[in-house]
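What follows is one structure encoded as structure tokens, with my remarks underneath.
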Amino acid sequence: MPYTDRQNRTCGFLDIEESESSGKFLRRYFILDTQQGSLVWFMDNPQNLPVGSECVGSLKLTYISKVSDATKLRPKAEFCFVINAGMRKFFLQANDQQDLVDWVEALNKATKITVPKSSDGQQNAENLKSLPDVVGPKKQVSYRTEIIAGVPIVTQTQHDRGDGADKAERESMHRSHSQLPYFLGRPTQEHTVIKSGFCVKQGAVMRNWKRRYFLLEENSMSYFKSDLEKEPLRMIPLKEVHKVQECKQSDIMMRDNLFEVVTTSRTFYIQADSPEDMHSWIKAVSGAIVAQRGPGRSAATSAAAVYLS
């Protein structure tokens, strides 16, 4: 579901049909900024992109006439809704039904505030003529993109990419990373999988942030470069975890939905895609620790496993 960030903007991941009537939906990170009067979308959460990375699309709220459920218009696109903007319809896919309802409500509420007066008809006509220029940045910048299960990590390059590379990127981003089946290209696991999914983790040395695929099992929490990798980059034994909780330094670190996993040797700082996802991870890891250690432990040990919201 969309959430409100520290700048009071509505944010979250959606899939958008960027090329009209193409039927191909690409995963993007959306920011609804009523102060700026715009809806913009990026390749990933801007917090995880290089400084100065531009949006890949934008739309002035004054151009939007209506936002509505589009499940009947696009029966094959699950949780689909449409943004009517002049002569163009933007079709988007939410993560679930509640996510769809929340986005439609937020967008309609935002556009009601910014709808221009009828006396601005001439200006509206000029806006509609320039609409194609609004969608996507005017300046063409080339990037090197590392695709991690449909969500790219982008760095600027000195040379332009060919059409073939761009097409390959778009093809690989067809569906949401959160919708991908977990055991894709992975051998059968012997242990029970409690929770899995993508989060962003801070590196130990460079302190940079990278999207990783996390896997919580009965006795460990591991993270991989992608959901296709067989060997984890690191495995954290749950017996070494002292506590897991929402990060108290999130404001200092300028990160939303940040939680920490404190172990004997290191504190892992992990950013989820939404507040709900963050609390879900905290609860899941805490529950796994309690289940592993069982009853009869010392008060200190038990307290370390308590879910702290």
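We use all heavy atoms of the structure for the numbers below, so side chains are in, but hydrogens, waters and symmetry mates are not.
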Approximate separation, where rounding is to 0.5 Å, of [X] [atom1] and [Y] [atom2]:
X      : Y      : atom1 : atom2 : answer
Asn45  : Arg211 : CG    : CZ    : 7.5 Å
Leu59  : Ser38  : CG    : OG    : 9.0 Å
Leu107 : Leu92  : CG    : CG    : 8.0 Å
Asp273 : Cys11  : CG    : SG    : 11.5 Å
Phe79  : Asp69  : CZ    : CG    : 10.5 Å
Phe91  : Ile16  : CZ    : CD1   : 11.5 Å

Does [X] belong to the same Ile/Leu/Val/Met/Phe/Trp/Tyr cluster as [Y], with side-chain heavy atoms less than 4.5 Å apart forming each link?
X      : Y      : answer
Val193 : Tyr213 : yes
Val262 : Leu258 : no
Leu233 : Val261 : yes

Donor-acceptor contact present, side-chain Asn108 to main-chain Val67, <3.5 Å: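 Pair found, side chain donor or acceptor close to backbone of Val67.
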
Gly23 backbone acceptor or donor facing Glu17 side chain under 3.5 Å: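 Yes: the side chain of Glu17 pairs with the backbone of Gly23.
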
Step-by-step side-chain contact (heavy atoms from CB on, under 4.5 Å) determination, Leu14 to Trp41: CA-CA 9 Å; Leu14 292 167; Trp41 53 98; over 6 Å; no

Counting C-beta onward and ignoring hydrogens, is there a side-chain heavy-atom pair between [X] and [Y] closer than 4.5 Å?
X      : Y      : value
Pro237 : Asn219 : no
Arg266 : Arg234 : yes
Val82  : Ser68  : yes
His242 : Thr264 : yes
Val56  : Leu26  : no
Trp103 : Thr10  : yes
Tyr63  : Thr111 : no
Trp281 : Cys199 : yes

Shortest non-hydrogen separation from [X] to [Y] and the atoms involved:
X      : Y      : value
Phe224 : Glu229 : CD2-O, 3.7 Å
Arg74  : Cys80  : CB-SG, 4.0 Å
Phe90  : Ala85  : CE1-CB, 4.0 Å
Ile194 : Ala288 : CD1-CB, 3.7 Å
Lys195 : Ala284 : CD-CB, 3.8 Å
Leu238 : Ser220 : CG-N, 3.6 Å

What residues, two or more places apart in sequence or in another chain, satisfy salt bridge (Lys or Arg N to Asp or Glu O under 4.0 Å) together with [X]?
X      : value
Asp256 : Arg6
Glu260 : none
Arg9   : Asp5
Lys201 : none

Results of side-chain hydrogen bond (donor to acceptor under 3.5 Å, both in side chains) for Glu240 - residues two or more places apart only: none

With Gln202 via side-chain hydrogen bond (donor to acceptor under 3.5 Å, both in side chains) - residues at least two apart: none

Pi-cation contact, Tyr269 with Arg255 (under 6.0 Å, within 45°):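 So Arg255 doesn't make the cation-pi contact.
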
Enclosure of Glu20 CD (heavy-atom neighbours >12, cutoff 6.0 Å): yes

Lys89 NZ: over 12 foreign heavy atoms closer than 6.0 Å: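 Incorrect, the count does not exceed 12.
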
Criterion side-chain contact (heavy atoms from CB on, under 4.5 Å) on Met278 and Tyr3, from CA distance to verdict: CA-CA 12 Å; Met278 177 191 69; Tyr3 69 95; over 6 Å; no

Donor + acceptor pair across side chains of Gln35, Gln7 (<3.5 Å):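 Per modelled atom types, Gln35 and Gln7 side chains form no pair under 3.5 Å.
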
Leu61 and Leu32: CA distance, side-chain angles, deciding distance, side-chain contact (heavy atoms from CB on, under 4.5 Å) verdict: CA-CA 9 Å; Leu61 297 184; Leu32 173 58; 3.7 Å; yes

Ile270/Tyr223 under side-chain contact (heavy atoms from CB on, under 4.5 Å): CA gap, chis, key distance, verdict: CA-CA 11 Å; Ile270 304 170; Tyr223 55 87; over 6 Å; no

Residue from Lys24, Arg88, Arg28 passing salt bridge (Lys or Arg N to Asp or Glu O under 4.0 Å) with Glu18: Arg28

